[in-house]
Amino acid sequence: MSGTTLGIFLIIVVYILGMVGIGISFSKKNNDVSDFYLGGRKLGPFVTAMSAEASDMSSWLLMGLPGVAYLSGLADAGWTAIGLAVGTYFNWLIVAKRLRRYSAVNNSITIPDFFSNRFRDKSHALLGISALIIVIFFIPYTASGFAACGKLFSSLFGISYIPAMIISAVVIVGYTALGGFLAASTTDFIQSIVMTLALIIVVVFGVQTAGGLDVVMDNASKLPGYLSMTNLHDAASNSASPYGFISIVSTFAWGLGYFGMPHILLRFMAIEDENKLKLSRRVASVWVTISMAVAIFIGVIGYSMTASGAIETLSGSDSETLIIKTAQLLSSHGVLAIIFAGVILAGILACTMSTADSQLLAASSSISQNILRDVLHIKMSQKTMMLTARLTVVAIAVIAVFIARDPNSSVFGIVSFAWAGFGAAFGPVMLFALFWRRTNRYGAIAGMVSGGAMVFIWKYLVRPIGGAWNIYELLPAFLVACAFIIIVSLLTKAPDKEILDEFDSV
């Protein structure tokens, strides 16, 4: 291992040890499962905002988004970012405060808990279905995070993929199982700061390496369709292809997914004071918008870095390594540069870890809290429940490691599919549960099942037809779920007075 590589390695090790240290420090603050899964509703506004957005972004922010912009220009990456920014803002604006208040009133500490308590579902059908959806989508999602960490370490330090991936998983599981929600949220807050520093360093160094901002913009403007929001650049033919209305709507629809993301919704439920959510909304919305804009600009800068010969031409999935290549180039400029390069690579690691820890907790709570205790009625003491919660985190991680064992697996493809699954299955039900008093448990069940099923139907049966049908599966599935909730709720018995009184009080 060269001196440069060793320096980067030590910086990342210090960063990882810091995350584990946080887990150990918070392990003593978990007195019951409410503390473990929801932090006792003690989160401050800044931790709430930044941990929610860090757990949302994953490695997509520092790898996927710059890679898309590098290859095809602004349109695809830009409309995705706009959709996500709008979705983020409205999720904080209309869902956060009401969910915090409602979940406190009906004493819910998980999303399945909330759905079940909101509709007084004594059959536990809502609880079981929603818990199962979380497990189905989150375990492969977590596996993709472990795989990203494994590939990062493997490419940087020449470590075999499987040991690198297992070590990453052990670290994430360690601080999550020890410290629970408070540890995950605090580390996510720190990781959002590291991600921000990484973005700033890459932009400054990238522009300087490319020859200045004027050179970056001049190079980009010479590529057909590269700086357009209605055209895509085709590098193979050096031409522009239309990015039409259907593509724009389909990409923009990514924002709908926020209304159903369990690991983000849990942050709303956990803030110490609902009146502080306004500050959280502003912080979160500004950070997300600026971070995604900077990530896209890094892709544009990357093209000029290639044009100047600073980095090689990247094609296909290799474009996602743009920031890694930039960090490696930076590390050759002295000791201070090695530290900066280490921060950049720790930022990529932070993106992945911040999402994986939140997914682990959400999946764990669905199994230990909702399935074992509520559906199967297994009675446990508080001490046993805490042990079960921690062991469930470990068990889920083991399954995720097994899924991610093949470095060439297509586990990353599940990310957009899981986003659609949660957005369609939970998003409409959450919105109607919070804002339409006539919604009943039959409508909620119908919406959840139809939304989840339509994601599969559209993805594998309808979308392959192409043309006007080539729409991201989240949009049609979301609309179908809304229709089912309305129709089934109106065709079945209205909610009891107790449910309506609680709704009105909230």
Donor-acceptor under 3.5 Å ([X] side chain, [Y] main chain):
X	Y	result
S250	S247	no
D273	N275	yes
D76	L232	no
N91	G87	no
S450	G447	yes

Hey, does [Y] have a side-chain heavy atom less than 4.5 Å from the side chain of [X]?
X	Y	value
I471	V249	no
I94	L431	yes
Y442	F119	no
R282	W92	no
M454	I457	yes
R100	L277	yes
F484	V449	no
W469	R463	no

Compare every heavy atom of [Y] with every heavy atom of [X], then report the nearest pair and how far apart it is.
X	Y	value
V455	A477	CG2-CB, 3.6 Å
Y258	I264	CD2-CD1, 3.6 Å
A125	I445	CB-CD1, 3.9 Å

With D121 via salt bridge (Lys or Arg N to Asp or Glu O under 4.0 Å) - residues at least two apart: R441
Partner residues of R438 under the salt bridge (Lys or Arg N to Asp or Glu O under 4.0 Å) criterion, sequence neighbours left out: none
Can you list everything that forms a ring pair (Phe, Tyr, Trp, His ring centres under 6.0 Å) with [X]? Sequence neighbours excluded, please.
X	result
F402	none
Y472	W254
F146	none

Are a donor atom and an acceptor atom from the side chains of T196 and W287 found within less than 3.5 Å of each other? yes
Indicate whether the side chain of T251 and that of Y243 have a donor and an acceptor atom separated by less than 3.5 Å. yes
Kindly compute the distance separating CG (L265) from CZ (F426), expressed to the nearest 0.5 Å. 9.5 Å
Against the six-membered ring of F503, is R98 placed for a cation-pi contact (under 6.0 Å from the centre, within 45° of the normal)? yes
Residues which pass side-chain contact (heavy atoms from CB on, under 4.5 Å) with I296, listed by chain and number, not counting sequence neighbours: L65, A69, L74, A77, A81
With under 30° as parallel and over 60° as perpendicular, where do the rings of F252 and W79 fit, or are they tilted in between? perpendicular
Option passing side-chain contact (heavy atoms from CB on, under 4.5 Å) with L256 (candidates F478, W419, F90): F478
